[in-house]
Trainee: 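Sharing a structure below in structure tokens format, with a few things to ask.
A, B, ... follow the sequence lines: proteins, then strands. Residue 1 opens every chain. Only a predicted model underlies this, so the values are computations on that prediction, with no experimental measurement involved.
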Amino acid sequence: MTVDIGICSTAHVNAEVYAALLSKLPSADLVGISGRNTERTRRRADAVGTAAMSHSELMRATDGVVVCSPTADHEELIDLALRHDVAILCEKPLETSLSAAKSIRDRCAERNVVAMMAMPIRFSRPMQRLKERYESGAVGDLLSVSGVNRGRMPGGWFVDPELAGGGAVADHTDHIVDIVRWITGEEVTEVYAETDTRFYDIPVEDVNLLSMTLSNGASFLLDGSWSTPQKNPFWGDAEVELVGSKETVSADCFGYRYSHVRDVGHEPYNESIYWGADPNNALLRGFVAAIRGEQTVAASFDDAVRTAAVIAAAYESVERGEPVDVTY
Amino acid sequence: MKRIVAVGTEAAVRAHAERYRRFDDATVRGVVGTDIESNVDYDRSADYDRSVDADDSPKRDEADALDASTAPRYESLPEALEAADGTDVDGIDVCGPGVSHVDALETALEAGVPVRCDPPIALDAEQFDRLVSSASESEGWLVAHSPHRFSRMYGRLHSTVESGGIGPVGVARVERTAPFEGPGWNVSYDGVRAVAGHTEALCSVLAHDVDVLEWTFGPVERVFVRVRESERCDHAHAVLAFREGGRATAEIRWHRTETPAPRVGVEYSGKHGRLDFDEDDASTAFRAGATPLAVDPPEDDCRGRAIRAFLDRLGGTGAQPTNVAPASPSRVVVAARRSAAENRPVTLTEESQ
């Protein structure tokens, strides 16, 4: 028996990706896509053979929704889902402020709905192997962590501080912080952030360098800048290296790639294409399985609050010009 | 003919002496080597990128032996200068990590003899100030460029940035990994660690990266450093802010056990593009099976070119500094050490000028 799923808003760049995957997922029926922009919503729905509808109509028609709106709209759409007792898979970060994220988490807990964050890297096979190896004790005591999650600047509402809650810090802190928490079981206790706007003429930061300390004392360096050139053959990267007392291990989420050089037309063209197992597909299957009660959510809204706390601490660090403790 | 006294660890002194021997206008007047029994191959273990400075000439051992046997050997730099009667030395080369040779630097400057030294020239503010002061009062001068500046790879990166190839820098990134006991670029820092500590050793490595980054992107304004130590390996990361904008990270790690192959990764991302280099790119360019073979001829290795630049300055064909050039990378390292100790970012204006 399939689960009825909808995509709530087409604003996020991943909405199109999720729509294509859900339309082919055997365990789910993509019953509709909702959005304020009627024309864009219609186009997206037509592309995958589903219906375009309002947010309220979608909530009445589904068992679960994937919230792909600008971050500032998450709370309104999640509340709407709660009123209809609909399961939620939410794009990160959960909200533009830590207090709002906590409030959402608490309301969802009270209603006991399935509430899951879109953290596809938890479904990456190299990252899962890294977690297994760490948990086996092969790494030993953790000394330091190094991560990168650079990408192309996404533009649109992502560079509107009101809608996104910030720039590269808000957009590209979650994934690697979440995966390091998930793998090691340690929390980020302190953050020092260096940010800047150097690559684009935008009102938010595109440089995001975080120097952190984990609860076991390990140091943690993360480059989450929008520093990937727009013409780079691949969108970006997501890598983690763990240095321990026994060994050093690393995982590259998108390490499985091949190249495609196309020699037609007048424009030079080359692209790197990821051929590994699709973490987004596994993420959606996990969401459907959680709705069915077959498994727990991979990344909870409490996890989301913890990464939101790191983001908040990073912005506070920039403001104060010093390392700050993370307050959860 | 420029007469040079080389001071430093035995392996470094031998490697430098051999390089001076390549030039017709230089001779090694004496050597002051420590760790006499060391058999470390400096060409495989020096504090620079193996990939850009490789020279595996089969005649190397023979040449090293020749230099070691022909150059007069002294117990200390004062002894070497005294033997030369104070008039027979044109330049002093402090080989290896300069931080381990503060006394030699002060002796050289007091004697009014020009000196070349690997950065950093000092690790603490007091020593740094004293050396800068000595240099300004001395008839001699002190050059402390990283040999990286003289490598083809960094030179190419520098010229591409300077010509606007990637636009203003956004984020620069450097990663270094090496085994502690060689072969690798950091063996000579083992001594620094033993004498001064792991933070000092890692900051000494950082000096080379700071030198190249400042050369390429301008002065560093602020530095934040975290350092970790363990039985297996030491690790440090630095976050740097440039005065003219842009940021950089430098990660340094070396191992005692389960040693990885030496690795250097450099990436410069700017408003209009990205440059990146990984040591594997060069070390695998020419190889036999899995073993990388050297590509560059001896005269093209970066340390040899750094020495050539020093000789040119001594000969008057290169610009001579009035005191220390460059002083800033060492100043950044002093700040980095302070940042690591106090767990806070240190702005360079806080440090001595």
Trainee: Between CZ of B:Arg247 and CG of A:Asp196, what distance do you get to the nearest 0.5 Å?
Mentor: 4.0 Å
Trainee: Nearest 0.5 Å please: distance from the CZ atom of A:Phe199 over to the CZ atom of B:Arg274.
Mentor: 7.5 Å
Trainee: Relative to chain B, which segment of A:Asn208 carries a heavy atom at a distance below 4.5 Å: side chain, backbone, both, or neither?
Mentor: neither
Trainee: For the CZ atom of A:Arg198 and the OG atom of B:Ser269, what is their distance to the nearest 0.5 Å?
Mentor: 12.0 Å
Trainee: Verify the distance criterion only: is there a donor paired with an acceptor across the side chains of A:Glu322 and B:Asn343 at less than 3.5 Å?
Mentor: no
Trainee: Between B:His272, B:Arg222, B:Glu175, who has the most heavy-atom pairs with chain A when the cutoff is under 4.5 Å?
Mentor: B:Arg222
Trainee: Go through the atoms of B:Ala238 and report whether side chain, backbone, both or neither lie under 4.5 Å from a heavy atom of chain A.
Mentor: neither
Trainee: Quick check on A:Arg125: does its CZ atom have over 12 non-hydrogen neighbours (other residues, nucleotides or ligands) under 6.0 Å away?
Mentor: no
Trainee: What part of B:Val225 gets within 4.5 angstrom of chain A, counting heavy atoms only: side chain, backbone, both, or neither?
Mentor: neither
Trainee: Rounded to the nearest 0.5 Å, what separates atom OG in A:Ser227 from atom OH in B:Tyr268?
Mentor: 15.0 Å
Trainee: Can you tell if the side chain of A:Asp206 reaches within under 4.5 Å of the side chain of B:Lys271, non-hydrogen atoms only?
Mentor: no
Trainee: Could you grab the distance from atom CD of B:Glu251 to atom OG of A:Ser146, nearest 0.5 Å is fine?
Mentor: 3.5 Å
Trainee: A quick test of your reading: do over 12 heavy atoms of other residues, nucleotides or ligands sit less than 6.0 Å from CD of B:Glu342?
Mentor: yes
Trainee: For B:Val239, which atoms come within 4.5 Å of any heavy atom of chain A: side chain, backbone, both, or neither?
Mentor: side chain
Trainee: Please check if atom CD in A:Glu162 has more than 12 non-hydrogen atoms from other residues, nucleotides or ligands closer than 6.0 Å.
Mentor: no
Trainee: Sort by residue number and list every residue of residues 228-236 of chain A having at least one heavy atom under 4.5 Å from chain B.
Mentor: A:Thr228, A:Pro229
Trainee: Check each atom of B:Glu229 against the heavy atoms of chain A and say whether the ones under 4.5 Å are side chain, backbone, both or neither.
Mentor: backbone
Trainee: Going from CZ on B:Arg232 to NZ on A:Lys246, what distance comes out if it is rounded to the nearest 0.5 angstrom?
Mentor: 11.5 Å
Trainee: Do you know which of B:Gly246, B:Gly270, B:Gly273 has the most heavy-atom pairs with chain A at a distance under 4.5 angstrom?
Mentor: B:Gly246
Trainee: Let me know if B:Arg226 has heavy atoms under 4.5 Å from chain A in its side chain, its backbone, both or neither.
Mentor: side chain
Trainee: Is it the side chain or the backbone of A:Ser225 that comes within 4.5 Å of chain B heavy atoms, both, or neither?
Mentor: side chain
Trainee: Take a 6.0 Å sphere around CZ of B:Arg156 and say whether it holds more than 12 heavy atoms from other residues, nucleotides or ligands.
Mentor: no
Trainee: Side chain from CB out, backbone as N, CA, C, O: work out which of these in A:Glu205 comes under 4.5 Å of a heavy atom of chain B, or both, or neither.
Mentor: neither
Trainee: Looking at A:Ala218, A:Gly140, A:Pro323, which one has more heavy-atom pairs under 4.5 Å with chain B than the rest?
Mentor: A:Pro323
Trainee: Flag the one option from A:Leu210, A:Asp223, A:Thr248 with the top tally of heavy-atom pairs under 4.5 Å to chain B.
Mentor: A:Thr248
Trainee: Please state whether the side chain, the backbone, both or neither of A:Leu209 comes within less than 4.5 Å of a heavy atom of chain B.
Mentor: side chain
Trainee: Chain B heavy atoms under 4.5 Å from A:Met153: which part of the residue, side chain, backbone, both or neither?
Mentor: neither
Trainee: When heavy-atom pairs shorter than 4.5 Å are enumerated against chain B, which of A:Asp141, A:Leu221, A:Val207, A:Val148 gives the highest number?
Mentor: A:Leu221
Trainee: Evaluate the side chain to side chain donor-acceptor pair (under 3.5 Å) criterion for residues A:Ser144 and B:His237: first the C-alpha distance (whole Å), next the side-chain angles of each, then the deciding distance (0.1 Å), finally the verdict.
Mentor: CA-CA 9 Å; A:Ser144 69; B:His237 72 236; over 6 Å; no
